2 protein chains.
Amino acid sequence: MSQRKMQMIERLRRENVRLTRQREIICAMFADHPDQHFTADALWRAFYPEDAVGLATIYRTLSVFEDVGLIKRIDIGDGIARYELADEQAMPHCHLICMTCGRVQEIDGSGMEAALKNVRTREFVVRDQTIVFHGYCSECRENERETKARGKGEIEGGGQDAKG
Amino acid sequence: MSQRKMQMIERLRRENVRLTRQREIICAMFADHPDQHFTADALWRAFYPEDAVGLATIYRTLSVFEDVGLIKRIDIGDGIARYELADEQAMPHCHLICMTCGRVQEIDGSGMEAALKNVRTREFVVRDQTIVFHGYCSECRENERETKARGKGEIEGGGQDAKG
DNA sequence: ATTAATGCAAAAACTTTGCAGCAAG
DNA sequence: CTTGCTGCAAAGTTTTTGCATTAAT
């Protein structure tokens, strides 16, 4: 078994996540393809029919793995969730997505300047750039501080976003 | 009528896109809220019931506006498409998305350093960072060059991405 | 033995599409 | 008038969920 897969399984054990055949082969898939971006469907097909895993299980496993921090969800703007191995130290990187063939390339993005140079090197013509930071806004952190003693806080609502 | 809305309508006219009541009020909504991020559903509700617009029409209009370059689609990773005004000169900017309340804040992102400083200023705790460039890879541009004389090129397939 | 995970199928959520009627140019 | 747009409803996709069964610890 690969070093990487071992580490992943180790992590699952630490988090008290039960290790099943399904989880193990999904683990292996990510471990063996450290820089690929998998859709749930792609995984399902990759295993079918020999090591078939129910699609629902794949979705649930991806969710678990993401919660545990084993993999990272990436959205490239087509409404289909992709997942990649959450690489050590979460080295920031960019995704180059071809608007023609849809291929996803990965490049270093520790600095915007370096990233842009990298883009040029690959002769990739940038048509649009998206930078998204996920995290916690000051208000929510404040709220959480205040309501720490109470039950679960509201997850919905608030803010200036126009989501319905 | 606002300057911005006028410009947008001007643009539509230039592109030979027919101006309808529905398109005009959607236009106005974006013009009046230059830095909000609208979901199709949010727009639908905003107009309902007084200036009701069919949801299908909203989706189609958003698609048209995007093609024309009036608005820009942003994906923040929850599987729901949002649209924002495609600001003049497409000044690069980042989106700060709160993992608790879901609010989307917008900050300048012309340089990664500036962006990060900006993030700090807002006391936004970054948990994850995503940078995506959309554009055209060298292979596809080459293919296009070669097949310029032929009919439509394939849009699917190819590449190292694991999409099914 | 317990407790959690799986698989199936049904449902949900968002988006797209077919088609008849309507409206813009 | 002609062509393209709208609205409705039906269908399509991706993802989630309920529940009985199965498997991990």
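What you see is a predicted model; the values in this text were computed from it and never measured. Values below: every heavy atom of this structure, side chains too, minus hydrogens, waters and symmetry copies. Convention: sequence-line order gives letters A, B, ...; per-chain numbering from 1.
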For a quick test of reading the model: is some side-chain N or O of A:T57 closer than 4.0 Å to OP1 or OP2 of C:dA5?
no
Is the distance from OP1 or OP2 of C:dT15 to the nearest side-chain N or O of B:Y59 less than 4.0 Å?
yes
In residues 13-27 of chain A, what residues come within less than 4.0 Å of DNA chain D, judged by heavy atoms?
A:R18, A:L19
Between [X] ([atom1]) and [N] ([atom2]), how many Å, whole number?
X: B:L62; N: C:dT17; atom1: CG; atom2: C1'; value: 16 Å
X: A:I80; N: D:dG12; atom1: CD1; atom2: C1'; value: 12 Å
X: B:D75; N: D:dT15; atom1: CG; atom2: C1'; value: 15 Å
X: A:W44; N: D:dT13; atom1: CH2; atom2: C1'; value: 14 Å

side-chain hydrogen bond (donor to acceptor under 3.5 Å, both in side chains) against B:E24, all qualifying residues, sequence neighbours excluded:
B:K5
Of all pairs that satisfy ring pair (Phe, Tyr, Trp, His ring centres under 6.0 Å), the ones with a partner from residues 45-71 of chain B, not counting sequence neighbours:
B:W44-B:Y48
Between A:T61 and B:L55, which residue's closest nucleotide on DNA chain C lies nearer the 5′ terminus?
A:T61
Got B:D35 and B:L85 here, is their nearest side-chain heavy-atom distance under 4.5 Å?
no
Sequence-distant partners of A:V17, side-chain contact (heavy atoms from CB on, under 4.5 Å), two or more places apart
A:L12, A:E15, A:R23, A:V64, A:V68
Pairwise N/O distances under 3.5 Å, protein to nucleotides 18-22 of chain C:
unit_1	atom_1	unit_2	atom_2	d
C:dG18	O6	B:R60	NH1	3.3

Passing option when A:I25 is tested against A:L43, A:D51, A:T20 for side chain to side chain contact (heavy atoms under 4.5 Å, CB included):
A:D51
Report the end-to-end axis angle of the helix from C:dA1-D:dT25 to C:dG25-D:dC1; each axis comes from five terminal pairs, and the value is rounded to 10°.
40°
